[in-house]
**Student:** 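Below you'll find the structure I mean.
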Amino acid sequence: QLVKLDVLILPIDGTEHILTYKEVDAVVRKYHPKAVIPAHYKVLGADSVLSGLKSADGWVQTQHDVRRLDTASLEVTAAELSSAQGRVYYFGDHFKDK
């Protein structure tokens, strides 16, 4: 069993084809991560017409503590996470291609 999670990366996108928003919320409630990072969603400029993915915006908008990132990188310190509970770090359309 996973315990004392700092960061949990989950496949979250608007099509809910891997996890539904309800399932994502259940996973977050079960494991109580300090931070959640949506992954495997549509990113403008890095997507394919065939992917069918949508952004994670719908789920992100329902969360209470969201940090919308303006870059494709993230560095998080233990001090920053010390008071966090379910904080969402969202890359949006930022991606690192190489």
Side-chain angles (χ1 to χ4, degrees):
Q1 179 174 353
L2 302 173
V3 293
K4 297 183 181 179
L5 292 179
D6 286 334
V7 179
L8 183 59
I9 300 171
L10 292 171
I12 303 169
D13 89 293
T15 65
E16 301 180 69
H17 75 286
I18 295 178
L19 293 175
T20 66
Y21 291 169
K22 191 174 185 176
E23 290 169 329
V24 170
D25 292 339
V27 169
V28 171
R29 277 192 309 275
K30 180 176 181 175
Y31 294 111
H32 305 287
K34 292 181 179 183
V36 177
I37 297 177
H40 196 74
Y41 60 87
K42 181 178 183 175
V43 175
L44 292 177
D47 60 328
S48 162
V49 177
L50 302 174
S51 77
L53 295 174
K54 293 184 179 178
S55 77
D57 290 344
W59 180 82
V60 170
Q61 291 171 357
T62 67
Q63 303 308 298
H64 68 280
D65 183 4
V66 176
R67 308 295 160 91
R68 291 180 181 272
L69 305 171
D70 58 4
T71 181
S73 356
L74 173 64
E75 188 172 315
V76 181
T77 65
E80 182 179 353
L81 289 178
S82 66
S83 64
Q85 187 60 51
R87 177 176 296 153
V88 175
Y89 290 96
Y90 186 42
F91 287 98
D93 286 330
H94 302 287
F95 68 96
K96 194 167 200 113
D97 61 355
K98 293 185 186 205

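Only heavy atoms go into these numbers, but all of them, side chains included; no hydrogens, no water, no symmetry mates.
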**Student:** Where is the tightest heavy-atom contact between D13 and H17, given as atom of each residue plus distance?
**Tutor:**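 Of all heavy-atom pairs spanning D13 and H17, the closest is OD1-ND1, 3.1 Å.
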**Student:** Identify every side-chain donor-acceptor pair in residues 75-83 under 3.5 Å, counting partners at least two apart or on other chains, and give the distances.
**Tutor:**
{"unit_1": "T77", "atom_1": "OG1", "unit_2": "E80", "atom_2": "N", "d": "3.0"}
{"unit_1": "E80", "atom_1": "OE2", "unit_2": "Y89", "atom_2": "OH", "d": "2.8"}
{"unit_1": "S82", "atom_1": "OG", "unit_2": "A79", "atom_2": "O", "d": "2.8"}

**Student:** Where is the tightest heavy-atom contact between Y21 and E16, given as atom of each residue plus distance?
**Tutor:**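 Between these two residues, the closest heavy atoms are N-OE1, 2.7 Å.
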**Student:** How far does NE2 of H32 sit from NZ of K4, to the nearest 0.5 angstrom?
**Tutor:**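 If I round to the nearest 0.5 Å, the distance is 13.5 Å.
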**Student:** About how many Å separate OG1 of T20 and CD1 of I12, when rounded to the nearest 0.5 Å?
**Tutor:**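 Answer for the CD1-OG1 pair, I12 versus T20, is 10.5 Å.
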**Student:** How far does CZ of R67 sit from CD1 of I37, to the nearest 0.5 angstrom?
**Tutor:**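 So the gap between those two atoms works out to 12.5 Å.
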**Student:** Count the heavy atoms of every other residue, nucleotide or ligand shown that sit under 6.0 Å from CG of L69, and state whether that count exceeds 12.
**Tutor:**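 Count over threshold, so yes.
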**Student:** Which heavy atom of P33 sits nearest a heavy atom of Q85, and at what distance?
**Tutor:**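 Distance-wise, the nearest heavy atoms are O-NE2, 3.4 Å.
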**Student:** Within a strict 4.5 Å, meaning less than it, do heavy atoms of the L10 and W59 side chains meet?
**Tutor:**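 No. Closest side-chain heavy atoms not under 4.5 Å.
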**Student:** Calculate, to the nearest 0.5 Å, the distance between atoms OG1 and NE2 belonging to T15 and H40 respectively.
**Tutor:**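 Going from the OG1 atom of T15 to the NE2 atom of H40 covers 7.5 Å.
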**Student:** What heavy-atom pair brings P38 and V36 nearest, and what distance separates the two atoms?
**Tutor:**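 Taking every non-hydrogen atom into account, CD-O, 3.8 Å.
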